[in-house]
Protein chains: 2
Amino acid sequence: MARGSTRPTSRDVARAAGVSQAAVSLVLGDKWRGRVSAATAERVRQAAHDLGYRPNLAARNLRLGHTRTVLLVVPALTTEFFAGVYTGAARVAAAHGFGVVLYPSPEGIGPARDPFASAQAALDGVIASSMAADALTAIRGDQLPLVMLDSDPDGSLGAATVNLDIADGARQLADHLLALGHRRFLHLAADIASWTFEVRARELAARIGTVAGTGVRTARAPITIDDARAAAEAALAAPGPRPTAVICDDDKLAAGAYKAARRLGLRIPDDLSVTGLDDLALATALDPELTTIRLDAELFGERGMLALLAVLEGREPDGGDIPVELVVRGSTAAPRS
Amino acid sequence: MARGSTRPTSRDVARAAGVSQAAVSLVLGDKWRGRVSAATAERVRQAAHDLGYRPNLAARNLRLGHTRTVLLVVPALTTEFFAGVYTGAARVAAAHGFGVVLYPSPEGIGPARDPFASAQAALDGVIASSMAADALTAIRGDQLPLVMLDSDPDGSLGAATVNLDIADGARQLADHLLALGHRRFLHLAADIASWTFEVRARELAARIGTVAGTGVRTARAPITIDDARAAAEAALAAPGPRPTAVICDDDKLAAGAYKAARRLGLRIPDDLSVTGLDDLALATALDPELTTIRLDAELFGERGMLALLAVLEGREPDGGDIPVELVVRGSTAAPRS
DNA sequence: CGCCGGACGTTATACGTAACACTTCGCGGT
DNA sequence: ACCGCGAAGTGTTACGTATAACGTCCGGCG
């Protein structure tokens, strides 16, 4: 911004066009109908173009008191999922003249001390994933309008929420596996403190618990393929009857489970069924292709942005969870009895 | 930003603490040594805290004439690669008191009309991937300091560049495959107009051309697993002697090649060797694990940010391409003669 | 005693923009 | 002849911050 020779201001344009700065503002702001002659307006536009004038956004934001920019806080960029969320949010935002700025809580920089100091952009509002929990306290510090993605609606935050119907997904998945005849499960859980995964675990346990003779083991791993591999390998090799199905909290965890199975000499799906969550590109790259729960990331982003726009305009955001869909592929089958 | 009851300003804090607005600015800006007593400073800090005061970034940016914020323009967020670039850039930026804002050219919104209108943040500079080509003209429109990632250093842009040593990677890869005895190749190329891929193709062809009796077929596909699968399947089923090795411009393309091989009944690596580029998590999720060229995305981001800081301070950015590394795994072997 | 300089502030100003309030002028109606 | 009114602008102000320039008090030194 601080250029060698400072950039032209609206006053420079005014001088060049032989009008006042106010007239420039009128013309460039497209509010000149009936206030400035068409000829003058054209002269102003020409001068602005010749000088390469670009308005100073800091000044405009200050004057206007808003920025038409919102912040999207995501846990990290290591998955396509939040890429989809961003795409959806940005699409809706663009249609309403808003911009979206991303704040991925950066790994290895430690907990985000202050997202707003880092994203120096002045903001009108915030959309935050509940998985970026370390940034939440800082967010609450500001009194910005806030929409939470996948968070406890009854939580203490008192913010608007947009949720995926994770519970329904867990039910569909449990029913699928139970119908195939599975009774012993390994839940390979994401090592993230998040409402999403808590709800999922609870619902899974509840649904599976309705059938007699079932049991669920739980292993926990960070969402990387190698951590998941190690956790799954240890859990599957543990004493006692081996689980016949591994339910993973993420497609990447499932990829880890595949590797563990290979190392233990277990074939999928004959010896072991595996399921994921997300339906990333990875899901169809695996062999056999992964049975997983498809989450519509873009729709998630769109709904998040729409909710924030509603809050900004003082309206009540539309409720209703976003439906999810079980996609059955080759990684699940009846257990060998 | 436009809140119901407007947020407190530094003047409100001043009133509450019984001092002038200037004193508040001094204290909160940590420039009060020898100008304000420790007791008064403490009183100001207390008042600021009680009122929940947060400085107005727009006003500060306007006053200061800079924002300590830079923009990172990436082609899309669909790969972990640019997640790594962001992480590296953000780490360096944070160490220098800068923030990084991401501008992924959003898919489905069409070519970015004006990244700076969208990212309303006022900016000090820009780092752009050459793969986000559609945004480039808009970028040149502004006279912001610019660093290009992986772009032709002699190109007409006249901007600073930071490059991966893609050419060396191509040489390492060609030597590896030639040494194994491969002579007929399929180059599964990324369908993106980018200097990176052009250099790679040229270098690959040059290196392989040094050996007699070699031949390279080229197929082109967008970087999605299914597009790559279709392109690879068609190319491998084409008449004439079948290539024994597939060189992919991206790990995702390689995943598509795996699927094509499965459908054609070809085993990897016995019937077909496959190589990738990037070394994403996907590479080790595949079976067999993928031989690929590892790109250090984080270092790439760090170097990009350092170069931009140099430009901002009027220094010459450090040159030197970033080395890349061939990682040999199970997907390459000598062809069955 | 006179005067200097540090400690402790304050006053005033500028950053670039948008918008309110105001002026000037020509012209049509009565 | 006079009023009213719309067109075509201009003058001025405010947004909230950081900082340069300016005061004032007081202890101490020559």
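By convention in this document, chain letters (A, B, ...) are assigned in the order of the sequence lines, proteins followed by strands, and residues within each chain are numbered from 1.
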Donor-acceptor under 3.5 Å (B:D150 side chain, B:N163 main chain): no
Phosphate-side-chain proximity, A:T40 and D:dG9, N/O vs OP1/OP2 below 4.0 Å: yes
Residues which pass side-chain hydrogen bond (donor to acceptor under 3.5 Å, both in side chains) with A:D12, listed by chain and number, not counting sequence neighbours: A:R15
Residues in contact with DNA chain D, drawn from residues 10-18 of chain B - heavy-atom cutoff 4.0 Å: B:S10, B:R11
Closest listed nucleotide, where the reference is the side chain of A:A59 and the choices are C:dG16, D:dT17, C:dG9: C:dG16
Nearest-0.5 Å distance, OG of residue A:S25 to CZ of residue A:R60: 8.5 Å
5'-to-3' dot-bracket of DNA chain D (Watson-Crick, G-U; under 3.5 angstrom; crossing pairs as [ ]; | other strand): ||||||||||||||||||||||||||||||
Main-chain N/O of B:N56 paired with B:R7 side-chain donor or acceptor, under 3.5 Å: no
Integer-rounded Å distance: D:dT17 C1' and B:R60 CZ: 8 Å
Euclidean distance, atom CG of residue A:N61 to atom C1' of D:dC15 [Å, nearest integer]: 11 Å
Contacts of B:S194 that satisfy side-chain hydrogen bond (donor to acceptor under 3.5 Å, both in side chains) - sequence neighbours left out: B:T196
Residues from residues 19-38 of chain B lying under 4.0 Å of DNA chain D - heavy atoms: B:Q21, B:A22, B:S25, B:K31, B:R35
Spacing between B:R43 atom CZ and C:dC8 atom P, to the nearest angstrom: 12 Å
Separation of atom CG in B:L64 from atom C1' in D:dG16, rounded to whole Å: 12 Å
With A:S20 via side-chain hydrogen bond (donor to acceptor under 3.5 Å, both in side chains) - residues at least two apart: none
